[in-house]
Structures are given as structure tokens and as C-alpha cells.
Engineer: 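For reference, the structure I am asking about is given below.
Side-chain atoms are counted along with the backbone in the values below, which use heavy atoms only and exclude waters and symmetry mates.
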Amino acid sequence: MKLNKIITGAALLLCAASIGAQSLELHGEVDATAYGVGQTFSKTGDADWDHTDARAGLEDDIEKSFYRVDLKLNAANFEFNLGLKLPLNLNDDSEYYTDYTDSYDGTPFYQGNMKVQFFNQQMNVFLGKFEDFNAGYIFDGYVLGSQNIRNLADRKEGQYFTAIEVTPYIIRGLRLLAGIPILPVGGNGVQNDRESNQWKNLYKKVKVAAGYELEGVGKFTAGWRPGTYYTGVKAYDASSSTSAFLDNYFGEAFVQADLTKLFDTLGLGIKFNVSYDFRYRDDASYKSFGMSNGALSYETKEHFAAAHYFGLSADFSELIPLSELSLAAESRTFYADDDYIASDEKLFMQQLGLSGEWNFSGTKLCAGLDFVGNYAQDANGTAFTYSASDGYAAISRDHFDDLQIGWNNMPSTCAPASGDPTKYIGLYFAPYVKYNFANGYAKAGIEVLYSAAIGKNDTNTAVSYRVPLGLVFNF
């Protein structure tokens with residue numbers, strides 16, 4: 001079955017590439033990451049250090065190591081995107097990319113979508129299966145990458161999306177978008193018995209965004225969704241009832257400013273963006289205490305819980321007089337109020353990222369350093385959930401995001417005991433060297449993570465390292 005899917009996908013791409021079109025782009029990428037060695041040292045309190053066995057192997061995370069082929073076809077007012085993506089072992093039975101119409105069977109088609117333009121490009125219609133799709137309304141950070149702002153569609157939240165975007169001539173630079181996650185169905189595509197696609201449920205899942213580009217300054221965007229439903233996601237459908245598509249995990253609103261040109265007018269050459277994200281939900285863990293028959297009792301009530309994220313990211317490369325040096329910095333601050341992440345829990349977290357790279361003149365060789373520092377504090381030691389299979393502690397993605405004590409999914413420590421306030425420290429260092437080819441690069445270095453969880457009576461500590469060896473080719 002897996003081989004048939006891969007052959008079918010390759011045949012479709014080749015057939016599409018042979019069809020005449022006004023514009024046709026075929027792009028591929030191979031990202032092969034291996035670890036020459038990796039190991040974790042850990043200890044609890046004053047106990048002796050323990051360590052895992054040194055290990056080596058290929059990275060099996062499809063987000064970091066993969067084969068990918070993308071086709072983009074433009075004809076008149078129509079744009080079609082088709083993409084295949086598989087891990088290096090060619091296994092498509094994982095939960096990474098699935099086919100909703102085939103009982104969530106694994107699929108190599110990680111995207112298949114279209115964009116149709118109307119009224120001289122004053123209106124765009126998007127529909128299909130998307131990955132990491134935000135239609136240009138969310139800007140990445142210069143160091144830490146993807147923002148802690150949810151995409152319009154992606155693998156973790158739901159890949160299926162249908163939207164209308166308006167870009168009116170009368171107000172140059174303005175963009176308005178509204179969309180909903182319409183799931184694909186068999187037959188004529190209507191199927192009135194498909195409850196997830198009935199309007200009484202769809203309107204709750206609307207996602208809206210707005211953007212405005214101010215000439216000489218930059219771009220300003222905002223977005224809002226009343227609820228987050230993880231529509232068409234295997235992990236949530238498999239663990240919930242048949243009406244899992246009605247489970248609302250949180251509402252979200254965000255604003256961003258991507259000020260890439262503001263300082264150009266001042267001659268400073270700094271690019272930066274600023275982000276604010278607000279999330280809210282009704283939590284049922286609030287306990288109202290009282291007396292009943294002479295004894296203390298309580299009842300559980302829903303109450304409003306909220307979380308905040310503020311980010312500031314800057315690229316100073318053009319400001320530095322050394323053309324060989326590129327430098328960027330980023331700050332992210334998180335605060336989750338009572339009960340937002342978990343019952344009787346709150347969290348403050350500060351994240352700092354720095355990256356620098358030196359290009360050796362006259363060569364294709366460069367060297368750099370990435371640093372990420374995390375400091376967090378919670379009320380009861382339950383904000384970060386430790387996964388024994390993954391080996392690191394992270395905040396549950398249900399309501400927030402995959403915030404980790406460390407970085408880059410490296411093995412880290414966990415809270416020593418629940419019920420006590422806990423402080424968390426994570427320090428990630430990654431020096432590297434990279435050699436650029438005409439169509440890719442080779443990269444080698446070392447990643448080191450120090451992590452500590454400091455409780456009331458004890459401290460857990462871990463030091464992890466690994467030696468990544470990466471080869472990336474583009475065509």
C-alpha cells in the first residue's frame with residue numbers, strides 16, 4: 001500500500017509537469033540529518049549522576065529529515081499546489097500526514113490545494129489541504145522561527161481549509177480573510193448527514209484575519225478565532241467521542257507588526273517584528289467552597305481563564321559594519337493565568353534567542369552559534385508534562401503550544417514533584433560550521449542543553465548533548 005501511494009504520487013507529479021501551463025514550478029528537497037553521537041546525564045538532588053548509553057542514528061522526525069517534492073502550476077487565474085513529503089525511511093503510516101477520507105491512513109500527500117483569483121485579483125478563494133498555512137498574516141521570528149500564534153491550517157490543528165480573501169483596489173495594501181475548516185467527503189461532496197460540515201457547527205470554527213501594508217514602514221496584521229477545534233486531526237478524533245469536532249479548546253486573537261522598512265528611512269538597517277497573542281477558554285476546575293450539613297464542601301464551576309504571549313524579534317545584520325557577520329535576537333514572554341494550562345496551575349516563562357553567523361570571505365564556508373535560554377516558574381509543578389518516550393518536558397499543546405524547558409526536542413529534566421512551586425531553567429547552545437553548495441549545504445556541529453527543575457525540596461538536573469550531521473539538497 002505504501003509503495004503504491006508513492007508511485008501514484010510520483011506519477012501524478014510527472015503527469016502534471018508534462019501539461020502545458022502559463023507557469024510551472026517543480027521543486028524538491030532532501031534533508032538528511034543524522035546524529036554521530038548523543039547522550040544525556042541526569043541527577044536528582046544530591047544523588048550521583050546517571051547517564052544513558054551513547055547512541056547514534058538518523059533523525060526520524062519528518063519535520064527535520066525528509067524527502068519532499070512540490071509542484072506549483074499557474075494557469076490564468078488559477079494556482080494549484082501539490083506536494084509529497086515522506087521521512088527518510090519512506091514510512092507513510094505515521095501520524096504526521098494522514099488521509100481523513102481513508103480512516104486517517106498515512107499518506108505521502110502532505111498538501112494539495114488551490115487558489116483562484118476573481119475580479120482582477122481583488123478576491124482570492126483558497127481551498128484544499130494545507131500545511132503551515134497562514135496566507136502571509138503571521139511572520140516568523142528571526143531566531144526562534146514559527147511564532148506561538150496558530151496557523152490557519154496545519155498538520156497539528158487540521159489541514160483542511162476553505163477561505164475567501166478580499167484585497168480591494170480602493171484601499172491599497174488592505175487584505176481581509178475569512179475561512180472555515182470544511183472536511184472532504186465522498187460522493188457529491190455535500191452529504192447532509194456529515195455533521196462536522198453543517199453550518200450550525202461550521203460558523204463556530206470561523207477564522208478571520210486582516211492585514212495592511214504601510215509603504216515605507218512595514219506590514220500590520222491581526223486575527224481572531226472564537227474557538228480552536230482540531231478538526232480532522234487523528235490524535236484528537238481517536239481519543240475523543242464521535243463529536244470531537246465540537247470540542248472547543250480555546251479562543252485566540254493576535255496582532256503583529258513586521259517593520260522591515262521602518263528603520264531604512266533612518267539609515268539604521270534594522271528589521272524587526274513585534275507580536276502579541278491572547279488566548280482564552282472556560283475552565284471547569286474552579287472550586288467554590290461552602291458549608292453543607294456542617295461540613296466543608298465545594299462545587300466545580302466554569303470560569304474564564306486566559307494566557308498571553310508577547311514577542312519581539314530583530315535582525316541587526318545590516319546595522320553591523322562587518323559584511324561577513326549576521327546577527328539576530330529575539331525575546332518571547334508567556335504568561336498563563338490560573339487554570340489555563342492545567343487545574344490550579346499558572347505559569348510565567350521568558351525565552352531569549354540569539355543567533356550569529358560568520359561568512360568567511362572568498363569561500364563557501366561559514367560558522368555560527370545558536371543560543372536559546374529559557375526561564376519559567378509555575379505554581380504547582382505541573383505546567384510541563386514529561387514524556388518518557390520523547391525524553392523531554394513540554395507544555396500540553398491542547399491550550400497553549402509545545403513550549404519546552406529546553407529547545408529543539410532535546411532530552412531535558414522534569415519537575416521533581418507536583419504540588420510545589422517550581423522554577424525551570426533551560427540553556428541551549430549550538431555552535432556549527434556549514435559549507436554551502438550550489439544547490440544545498442552540509443552542516444555539522446554540537447548541541448548542548450543544560451536543564452534544571454528546582455522544586456521546594458529537591459532539584460532535578462540534566463545535561464544532554466548530540467552531534468548533528470546534516471545534508472540538504474534542493475532542486
Engineer: Is the closest side-chain donor-acceptor distance between Glu79 and Asn81 under 3.5 Å?
Structural biologist: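 The criterion, which ignores hydrogens and geometry beyond distance, is satisfied for Asn81 and Glu79.
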
Engineer: Between Tyr160, Phe133, Phe161, which is the residue that forms a ring pair (Phe, Tyr, Trp, His ring centres under 6.0 Å) with Phe126?
Structural biologist: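 So the option named by the test is Phe133.
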
Engineer: Would Tyr309 and Gln147 count as having a side-chain donor-acceptor pair, cut-off 3.5 Å?
Structural biologist: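 Yes.
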
Engineer: Sequence neighbours left out, what passes ring pair (Phe, Tyr, Trp, His ring centres under 6.0 Å) with Tyr230? Give chain and number order.
Structural biologist: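 Ring pair (Phe, Tyr, Trp, His ring centres under 6.0 Å) check on Tyr230 returns Tyr236, Tyr249.
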
Engineer: Report the C-alpha separation of Asp401 and Arg150 in whole Å, then their side-chain angles, then the decisive distance to 0.1 Å, and conclude whether the salt bridge (Lys or Arg N to Asp or Glu O under 4.0 Å) test is met.
Structural biologist: CA-CA 9 Å; Asp401 277 311; Arg150 290 297 175 88; 2.9 Å; yes

Engineer: Is it true that a side-chain atom of His27 and a backbone atom of Phe475 form a donor plus acceptor pair closer than 3.5 Å?
Structural biologist: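 Yes.
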
Engineer: Name the orientation class of the two ring planes belonging to Tyr276 and Phe278 (parallel below 30°, tilted from 30 to 60°, perpendicular beyond 60°).
Structural biologist: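 The rings of Tyr276 and Phe278 lie parallel, inter-plane angle below 30°.
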
Engineer: Regarding Gln350 and Thr333, do their side chains bring together a donor and an acceptor under 3.5 Å, going by distance alone?
Structural biologist: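 There is such a pair (donor and acceptor under 3.5 Å, judged by atom type) between the side chains of Gln350 and Thr333.
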
Engineer: Might you work through the side chain to side chain donor-acceptor pair (under 3.5 Å) test for His303 and Asp339, ending with a clear yes or no?
Structural biologist: CA-CA 9 Å; His303 73 112; Asp339 304 318; 2.8 Å; yes

Engineer: Does the side chain of Glu447 come under 3.5 Å of the side chain of Tyr428 through a donor N or O and an acceptor N or O?
Structural biologist: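 A donor-acceptor contact under 3.5 Å links the two side chains.
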
Engineer: Are Asp99 and Thr101 linked by a side-chain donor-acceptor pair shorter than 3.5 Å?
Structural biologist: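 Yes, a side-chain donor-acceptor pair sits under 3.5 Å.
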
Engineer: If the threshold is 4.0 Å, N to carboxylate O, is there a salt bridge linking Lys423 and Asp378?
Structural biologist: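 Looking at Asp378 together with Lys423, the answer is no, because their closest N to O distance does not fall below 4.0 Å.
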
Engineer: Applying ring pair (Phe, Tyr, Trp, His ring centres under 6.0 Å) between Tyr424 and each of Tyr386, Phe348, Phe384, report the one that passes.
Structural biologist: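 So, applying the ring pair (Phe, Tyr, Trp, His ring centres under 6.0 Å) to Tyr424 and each of Tyr386, Phe348, Phe384, only Phe384 qualifies.
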
Engineer: Under 3.5 Å, is there a donor-acceptor pair between the Thr33 and Asp31 side chains?
Structural biologist: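 Judged by distance alone, the side chains do pair up.
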
Engineer: Looking only at side-chain N and O atoms, does Gln404 offer a donor or acceptor that is under 3.5 Å from a partner on Asn409?
Structural biologist: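 Result is yes, a qualifying pair exists.
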
